[in-house]
Number of protein chains: 2
Amino acid sequence: MTQENFTPPLLTVDSVLFTIKDNSLKILLLKRKNSPFQNSWALPGGFIDVDKDNSAEDTASHKLTDKTGVTPPYLEQLNTFSSKSRDPRGWSASIAYFALIAHEETNLDVTPKNDENAQWVDVGNLMDETADYQPLAFDHRQIFQFALERLKQKALYSMLPVFCLPKEFTLGEYHTLIEIILGKSIQKKTLYRRFEASNMFEETGETVATGARAAMLYRLKEGAKLVNFERNLG
Amino acid sequence: MTQENFTPPLLTVDSVLFTIKDNSLKILLLKRKNSPFQNSWALPGGFIDVDKDNSAEDTASHKLTDKTGVTPPYLEQLNTFSSKSRDPRGWSASIAYFALIAHEETNLDVTPKNDENAQWVDVGNLMDETADYQPLAFDHRQIFQFALERLKQKALYSMLPVFCLPKEFTLGEYHTLIEIILGKSIQKKTLYRRFEASNMFEETGETVATGARAAMLYRLKEGAKLVNFERNLG
DNA sequence: GTAATAGTGTCTATAAGACATTATATA
DNA sequence: TATATAATGTCTTATAGACACTATTAC
């Protein structure tokens, strides 16, 4: 049996790129220029270029780099969403990726580049189907929700969220980030213990003043591998 | 930009179906009848029938039901494997699924059905690239290894492996199963505590004798949901 | 009775949660 | 000095690990 017996399905790649900005969790959305769902907001993505991309991950990475100017420090496959009805053009599958970046590292904040058709959208906005930017194109809201669940789950047992922070950051920023992702308060002592135990970071030697005692800045160690813990946070 | 500008990639579905049999972990492999990789062993799967299947999960489920005679009690998406080179026919992606079943519930043991081209293959065999059944077709060995990692990981924090057992089973069988999956000994006390705490099972009232004290038989409660724990086993 | 497997009691070890305390900065 | 935020000390709690013990069956 060969594929020639069948109508080939459409195959696309879409990415949910998270960042932390203005004390809230946001994802990158683009306004669609073309049909279907013209002028709706959508996840960055598109068709695979079989000549240029060696794998779907390449496609995801290229599309994100095009939009942000940088390669996200974390990119993993999320899930593939497929159905007869998710795309009006026919049976389709989208290989979805999940990525993290510090918005400060992208060119999206820069004024000349500032693009009305590419926006960091607050996750809170996307939970309410009647809010701005809604409804999203295709099943992108469902993909976003799947990604958010994955992020929350991984925040419970790994250091993953640090990839939302800039290259140098304080423990306080890390603490705030985790509380925003999980939507509840976490003892800073617990996070600091894990931060230390992970052995992924080193002091820069610099401190940053916040109106009170100056906080130590940390950076990821060269070649540090992402650490998972044996227990979940509460 | 539409897909018509591109050569469409090939899209298939493949499943890694695990069971426990003769005190070892096995997966279902089929001998390929057609090119490419004719006569090589491969995971059950194939192209999506866009007229019959509403989603890729439907395809996975249909293919497994065709081969085993029953619908596996556990089926989840694993990962999508894609590259320019994994299929000699061109750029291709395979949406891989991960499934568990009790071999006793399938028709694969039944003598008249017994099919030389469908075999339960020991996982130990597949770790050694020079052993029987190797090399597998396409990148199916890599897909299998990804699935095995997922199974081991989930065995550490969930009751998932029970779906490898028949409808009625003893705590001793569950204990043996977990030790086989993890490849190391686990305190039965620890497993029994989790088994109880999960609240997923009920006594059938029947016991089964094993030459010594009779063991209680358990079954999954009606509508029981799979439970995850907050810590991993050691 | 012995042997074998099923199942429990209970102590220890580890890491998270709670929360008080000390440290260092600015005004 | 007061106050704000950074960072640490230490006690409690929850659950896994170790391992000895009791229970029930066949012989």
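Below, all heavy atoms of this structure are taken into account, side chains as well, without hydrogens, waters or symmetry copies. Residue numbering restarts at 1 for every chain, and letters A, B, ... go by the order of the sequence lines.
Atom CZ in A:R231 sits roughly 10 Å away from atom P in D:dG17 (whole-Å rounding). For B:E230 and C:dG17, the CD to C1' distance is 14 Å, given to the nearest whole Å. Atom P of nucleotide C:dA23 and atom CG of A:L171 are separated by 18 Å, given to the nearest angstrom. We find that CZ of A:R194 is positioned 12 Å from C1' of C:dG17, with the value rounded to whole Å. Between the C1' atom of D:dG9 and the NZ atom of A:K188 lies a distance of 13 Å, rounded to the nearest Å. Atom CG of B:L191 is separated from atom P of D:dA16 by 10 Å (rounded to the nearest Å). Straight-line distance from the NZ atom of B:K184 to the P atom of D:dA18: 9 Å, rounded to whole Å. For the pair B:F169 CZ and C:dA6 P, the computed distance is 14 Å after rounding to whole Å.
Closest contact between the side chain of A:Y192 and the listed nucleotides D:dT5, C:dG7, D:dT8 involves D:dT8.
Within 6.0 Å of atom CD in B:E196, 12 or fewer heavy atoms from other residues, nucleotides or ligands are found, so the atom counts as exposed in its surroundings. More than 12 heavy atoms of other shown residues, nucleotides or ligands fall within 6.0 angstrom of atom NZ in A:K221.
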Let me see the working for B:S24 and B:D22 under side-chain hydrogen bond (donor to acceptor under 3.5 Å, both in side chains), right down to the final yes or no. CA-CA 6 Å; B:S24 70; B:D22 306 329; over 6 Å; no
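For C:dA25, its base never sits under 3.5 Å from the side chain of A:R213 at any donor and acceptor pair. The base of D:dG17 lies outside donor-acceptor range of the side chain of B:K189, with no N or O pair under 3.5 Å.
Between C:dG17 and A:T190, a contact under 4.0 Å exists linking OP1 or OP2 to a side-chain N or O.
B:A209 comes within 4.0 angstrom of no nucleic acid atom, judged by non-hydrogen atoms across all strands.
If A:G234 and A:A214 are placed on DNA chain C by their nearest nucleotide, the residue sitting closer to the 5' end is A:G234. Taking for each of B:Y218 and B:R193 the nucleotide of DNA chain C with the nearest heavy atom, the 5'-most of the two is the partner of B:Y218. Of the two residues near DNA chain D, B:L233 and B:A212, the one whose nearest nucleotide lies more 5' is B:L233.
Between A:V123 and A:F144 the shortest side-chain heavy-atom distance falls below 4.5 Å.
Of the possible polar contacts, none joining the B:R194 side chain to the B:M159 backbone as a donor-acceptor pair under 3.5 Å is found.
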